[in-house]
Trainee: 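Take this structure, written in structure tokens, and hold onto it; I'll ask about it next.
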There are 2 protein chains.
Amino acid sequence: MSPEFWGFLALRRREPQDGSSKAVTAAVPDISPQLTVAVPEISPQLPSGTNHPSFSRDAVELEQAADADVSTPKDTCTNPTAEAKLVSPETIAKVVPIGDGNALVPAYLLKTINWNVHKIATRKLLQSVFGRRVLATHNLTGKVSPAFPDKMPKAKLDEALVNDIVQTVAERCNVTENPVRTCITIKCADEGKWLRKQLTKLKAKKKEDLEKKRKAEEKKLKMNSLNLKT
Amino acid sequence: MSPEFWGFLALRRREPQDGSSKAVTAAVPDISPQLTVAVPEISPQLPSGTNHPSFSRDAVELEQAADADVSTPKDTCTNPTAEAKLVSPETIAKVVPIGDGNALVPAYLLKTINWNVHKIATRKLLQSVFGRRVLATHNLTGKVSPAFPDKMPKAKLDEALVNDIVQTVAERCNVTENPVRTCITIKCADEGKWLRKQLTKLKAKKKEDLEKKRKAEEKKLKMNSLNLKT
DNA sequence: GTTCCAATTGGAG
DNA sequence: GCTCCAATTGGAA
């Protein structure tokens, strides 16, 4: 609850335009072109790192914090990001491309989606293609909110992947592309809130653990002093 | 540009919940039940006063300011709010109800609307039914923005009239009601910005006039003193 | 626990 | 000058 606790989340721009952004981008060349692995439920597309045309230091910190803190808890059920490549070929074969073919989603997922409800369809695809933490730390445009010009902009979702989703939903749900994009914006916002909650929990737990440790030390000291007396 | 200048526009709540709101509401009984008059282009539905279930003092001030300041300039082309009743019966007869029949719009307007573009259709109807200044000072729900909890909420647009518009557009444009409602929200926001601009201009003009007057006085005084010397 | 809503904003189109 | 976009927010559904 304390302001300083959220300092790194409720980010405010310190410099109007960070001159170091170019250098940072240069330092992070395109390593992997968004390989989408087949993982049942919540496929975790590698969170961030690749497609950030421009971000300033603060944004990077947010993502690192997110990566560091929330990667361990059971937010992904069975998934092993690394082990994904060791999965049997049959399972991998069940991933199919959508749109222009950049985005890959489990075939079974496509079958479960109700294409009458474009909002849900969009969210399902987003979840599958990007994973929660990417959604939480990115948005459609990567631009600052006009309503909150002091807040750090989030990174931009990979355009090609977004387009694949938008196309697919627009076609199969028979809606225009715009409501789909709006839906993406909302999903990212929602996942952002979710991430924050996760981090709050984590911090609370850490604090609690520290408290426990402190009390243990205290007790130990007390015992020691008692022993000395007798 | 000075903060105090916009003080009454960029309203901040002073008290959490204004206890006087009831009294104010009582002081403004429902005078006219939203009579919509037929005026070519921009029909000016009487701005405010009738359907405000709950608003605090600040909100009232905003509306009064708006009424007082922007009613004179040429924001409405040919319209005479008062004279509307003197218009020939034929002209009045050309007004037709939409939706459940609460909202009335000029028949010719309905004909000009392109029902393939729901956003434009919505805006046209809004303009006709409510008029710019009502749109500028009201919104869909009358609730505070969650993103700006300190800003005064605008008054709520008459629900029956809104419903008539929403129904009509949803039907004739073959869209769901929600995009129409979103469109209303945006239109109100846009008209709010428009009103602000008008007021800025007015204030600038007033200031300029004062300046002129002051200079004239100055000159006069100078002349007087010269006359005294000779 | 998620999804959805709508208020507000500045700027792009 | 008007329309449209999407970022952010808290709470409702």
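To find a chain, count down the sequence lines: A is the first, B the second, and so on, and within it residues start at 1.
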Trainee: Would you please confirm or rule out a distance under 4.0 Å between OP1 or OP2 of C:dT2 and any side-chain N or O of A:R132?
Mentor: yes

Trainee: Side-chain donor-acceptor pairs under 3.5 Å in residues 171-182 of chain A, sequence neighbours left out?
Mentor:
{"residue": "A:T182", "atom": "OG1", "partner": "A:N178", "partner atom": "O", "Å": "3.1"}

Trainee: Look only at the side chain of A:N102 and the backbone of A:L161, and say whether a donor-acceptor pair between them is shorter than 3.5 Å.
Mentor: no

Trainee: Which residues pass the side-chain contact (heavy atoms from CB on, under 4.5 Å) test with B:E208, sequence neighbours left out?
Mentor: B:K212

Trainee: Considering residues at least two apart in sequence or located in another chain, which fulfil the side-chain contact (heavy atoms from CB on, under 4.5 Å) criterion with A:N114?
Mentor: A:N116, A:V117

Trainee: According to side-chain contact (heavy atoms from CB on, under 4.5 Å), who are the partners of A:K119, at least two apart in sequence or on a separate chain?
Mentor: A:C183

Trainee: Whole Å only: how far is the CD1 atom of B:I120 from the P atom of D:dC2?
Mentor: 12 Å

Trainee: Using whole Å, report how far CD of A:E191 lies from C1' of D:dT9.
Mentor: 16 Å

Trainee: Starting at the 5' end of DNA chain D, which residue's closest nucleotide do you reach first, B:R123 or B:K201?
Mentor: B:K201

Trainee: Do A:T112 side-chain atoms and A:L109 backbone N/O form a donor-acceptor pair below 3.5 Å?
Mentor: yes

Trainee: Are the charged groups of A:E191 and A:K187 less than 4.0 angstrom apart, N to O?
Mentor: yes

Trainee: Between P on C:dC5 and NZ on B:K156, what's the gap in Å once rounded to a whole number?
Mentor: 16 Å

Trainee: Heavy atoms within less than 4.0 Å of DNA chain C: which residues of residues 168-177 of chain B have one? Give them sorted by number.
Mentor: none

Trainee: For the residue pair B:V105 and B:K124, establish whether any side-chain heavy-atom pair is separated by less than 4.5 Å.
Mentor: no

Trainee: Roughly, in whole Å, what's the span from CG in B:D150 to P in D:dT9?
Mentor: 15 Å

Trainee: Are the side chains of A:W194 and A:R132 in contact, using a 4.5 Å heavy-atom criterion?
Mentor: yes

Trainee: From the options D:dC2, D:dC4, C:dT3, select the nucleotide whose nearest atom is closest to the side chain of B:W194.
Mentor: D:dC2

Trainee: Calculate the interatomic distance between B:K187 atom NZ and D:dG1 atom P; express it in whole Å.
Mentor: 14 Å

Trainee: Taking CG from B:L126 and P from D:dC4, how many angstroms apart are they, rounded to a whole number?
Mentor: 12 Å

Trainee: Below 3.5 Å between N/O atoms, which protein atoms pair up with nucleotides 5-8 of chain D? Just atom names and distances, please.
Mentor:
{"residue": "D:dC5", "atom": "OP1", "partner": "A:N178", "partner atom": "OD1", "Å": "3.3"}
{"residue": "D:dC5", "atom": "OP1", "partner": "A:N178", "partner atom": "ND2", "Å": "3.4"}
{"residue": "D:dC5", "atom": "OP2", "partner": "B:K119", "partner atom": "NZ", "Å": "2.5"}
{"residue": "D:dA7", "atom": "OP1", "partner": "A:T141", "partner atom": "N", "Å": "2.9"}
{"residue": "D:dA7", "atom": "OP1", "partner": "A:T141", "partner atom": "OG1", "Å": "2.5"}
{"residue": "D:dA7", "atom": "OP2", "partner": "A:T185", "partner atom": "OG1", "Å": "2.9"}
{"residue": "D:dA7", "atom": "N3", "partner": "A:S145", "partner atom": "OG", "Å": "3.2"}

